[in-house]
2 protein chains.
Amino acid sequence: MRESQEYDKYAHEPFAVTVDLAVFTIRDGALHVLLVERGQEPYAGQWALPGGFVLPDESAESAAQRELAEETGLADVSGLHLEQVRTYSDPGRDPRMRVVSVAFAALVPDLPEARAGGDAAGAAWLPYGPAAYRPLAFDHDRILGDAYDRIRAKLEYTGLATAFCPPEFTLGELRQVYEAVWGAELDPANFRRKVVGTAGLVEAIPGAARLTGGRGKPAALFRAGTATALHPPLLRPTPEGPSS
Amino acid sequence: MRESQEYDKYAHEPFAVTVDLAVFTIRDGALHVLLVERGQEPYAGQWALPGGFVLPDESAESAAQRELAEETGLADVSGLHLEQVRTYSDPGRDPRMRVVSVAFAALVPDLPEARAGGDAAGAAWLPYGPAAYRPLAFDHDRILGDAYDRIRAKLEYTGLATAFCPPEFTLGELRQVYEAVWGAELDPANFRRKVVGTAGLVEAIPGAARLTGGRGKPAALFRAGTATALHPPLLRPTPEGPSS
DNA sequence: TCTCTTTATGGTCCTGTTGACTATAAAGAG
DNA sequence: CTCTTTATAGTCAACAGGACCATAAAGAGA
């Protein structure tokens, strides 16, 4: 990117740029990820992250949005959370050619069904974890792990969890998001105190109430707040070891 | 990355892949960044982040390490902190051609002097901030801002600050890192209590002591600890607004 | 209808963390 | 010798957060 002669030297190296998407949702109280089944070699028959090429006239973000719409079947994905995770560029990561892939994490509310994109044999929401669909094709195990680490950490210090919820949600539903992603149970009363007490995290909808799980007292409804950063953060319980 | 015919279609599009580096250090108690002066159009005479092409047989990480060694003049950069920030891929970000750039943030202890790389008119450590060297070439203002945001946030919940320090340092020097990056003063006694009380952040070197600023009581020496994540984090003072 | 279960929500108690502050130690400057 | 500077120990009060209890309000099942 510095000198003209360098452009002559490297400009036409066969670099392909793709995007890979780790699309998460909460389904039945558990974290799920959208995967596609590969129809062709290499890795035919294995599961992989959805993705595709970045076209010459679009950014990686545009390509990711396009792919997300394609895979989820939604016409408008502008309201969904879509964020870049990192870029994978090991020379041997695709046996066919030199492919640099920009990975994204997407968070969506529970959707009716997965749709197989045009370039995949099948698509499905599968529970996240060390499950039977592993290993994924290419370096997608690592990409998926990195994407999960990112969202798990961001739940602590951002209002990201609301991206998993519909526009109006109860605090019980929001708590289930944290519990599903972190794999830990949270005390409902303490969770409520913290969430309601944090300015800008959620916004109460006056008078509105709805049943959460078909049983129990109807819960008040909330909307996502405007705060992006949480100070202090909503720490998850003993992830690796407290200080003392 | 899915189907063979897609490779035929897109593989030879003129995508160039580069790395751009935001190299930070603490100098005279202030955060500095390594910049190079462009010798050629476009943006000739303006400051830019150091960087260069990713070669066909290397990853973006390898390219970043190579560039870091080149710009700092160090033979071995394996001990330095170098981390991917994000990837910039807007179609128009380089007026000459389609360039996708993977940005990195590097943290180094104070180094003797900057060295102009082969492809730059000059190189210098300049104080970070809204200074006279702005605007930078290309979209480097945004890249530099994103890299700064990343390290500022990571100081809170990781032991990253030790990457700015030499192998043996005093707590006063470590505190200056936080103060320089955050632009806020920290209470020395409280800082010490927190840092020493956090398992794995720093490790005392028994018996060793050294003067910090030429004056005052000699301070005990510490080494970087093994902890990467801090629980609970070392929060910086009132960044945008406390909860209550 | 009555009771049990379930979920929501408000409150209390206790402990650990943290900011503000004071005091003392140990060096150089003048 | 005194003042300034930095390091380091300690105290105190406010606050946040985990554990826990109590009550409200719904459906399920007898």
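Note that the coordinates shown come from a computational prediction; the quantities given were computed from them, not determined experimentally. Throughout, protein chains are lettered first and strands after them, A, B, ... in sequence-line order, and every chain is numbered starting at 1.
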Between CD of B:Glu185 and P of D:dT6 the distance, given in whole Å, is 11 Å

Atom CD of A:Glu185 with >12 non-hydrogen neighbours under 6.0 angstrom: no

If the condition is side chain to side chain donor-acceptor pair (under 3.5 Å), which residues does A:Thr170 pass it with, not counting sequence neighbours? A:Thr212

What is the distance from OH of B:Tyr157 to P of C:dT17, rounded to the nearest Å? 22 Å

I'd like to check the side-chain contact (heavy atoms from CB on, under 4.5 Å) partners of A:Glu168; sequence neighbours left out, ordered by chain and number. A:Ile205, A:Leu221, A:Arg223

Separation of A:Arg210 atom CZ from C:dT7 atom P, in whole Å? 15 Å

Only counting residues at least two apart or in another chain, list the ones meeting ring pair (Phe, Tyr, Trp, His ring centres under 6.0 Å) with A:Tyr178. A:Trp182, A:Phe191

Closest non-hydrogen atom pair between A:Phe169 and A:Ala224, with its separation: CE2-N, 3.6 Å

How many angstroms lie between OG1 in A:Thr72 and CG in A:Leu34, if you round to the nearest 0.5 Å? 8.0 Å

Just to be sure I understand: a Watson-Crick pair is purine N1 to pyrimidine N3 plus N6-O4 or O6-N4, both under 3.5 Å. Using that and G-U wobbles, which stems of three or more pairs involve DNA chain C? C:1-30 with D:1-30

Quick one: side chain to side chain donor-acceptor pair (under 3.5 Å) partners of B:Thr226, sequence neighbours excluded? none

Rounded distance (Å) that lies between atom P of C:dT9 and atom CG of A:Leu171: 6 Å

B:Arg215: what forms a salt bridge (Lys or Arg N to Asp or Glu O under 4.0 Å) with it, not counting sequence neighbours? none

For the rings on A:Tyr148 and A:Tyr128, is their centre-to-centre separation under 6.0 Å? yes

In whole angstrom, give the distance that lies between atom NE2 of B:His231 and atom P of C:dT17. 14 Å

Going by the rule side-chain contact (heavy atoms from CB on, under 4.5 Å), which residues pair with A:Pro135 if we only count those two or more places apart in sequence or in a different chain? A:Gln46, A:Asp141

Just checking, any donor-acceptor pair under 3.5 angstrom between side chains of A:Tyr88 and A:Asp146? yes

What pairs with B:Pro233 under side-chain contact (heavy atoms from CB on, under 4.5 Å), at least two apart in sequence or on another chain? A:Pro233, A:Leu235, B:Tyr157, B:Leu235

For A:Ser59, which residues count as a side-chain contact (heavy atoms from CB on, under 4.5 Å) partner, sequence neighbours excluded? A:Glu61, A:Ser62, B:Ser89, B:Asp90, B:Pro91

Give me the residues of residues 173-183 of chain B where at least one heavy atom lies under 4.0 Å from an atom of DNA chain D, by number, or none. B:Arg175

Nucleotide by nucleotide, 5' to 3', does protein get under 4.0 Å of the base (B), only the sugar-phosphate (S), or neither (-) in nucleotides 22-30 of chain D, counting heavy atoms? --BBBSS--

Distances under 3.5 Å only, N/O to N/O: pair up the protein atoms with those of nucleotides 18-23 of chain C.
unit_1: C:dT18; atom_1: OP1; unit_2: B:Lys194; atom_2: NZ; d: 3.1
unit_1: C:dT18; atom_1: OP2; unit_2: B:Lys194; atom_2: NZ; d: 3.4
unit_1: C:dG19; atom_1: N7; unit_2: B:Arg193; atom_2: NH2; d: 2.8
unit_1: C:dG19; atom_1: O6; unit_2: B:Arg193; atom_2: NH1; d: 3.1
unit_1: C:dA20; atom_1: N7; unit_2: B:Asn190; atom_2: ND2; d: 3.0
unit_1: C:dA20; atom_1: N6; unit_2: B:Asn190; atom_2: OD1; d: 3.2

What is the distance, rounded to the nearest whole Å, between atom CG of A:Leu186 and atom P of D:dG18? 9 Å

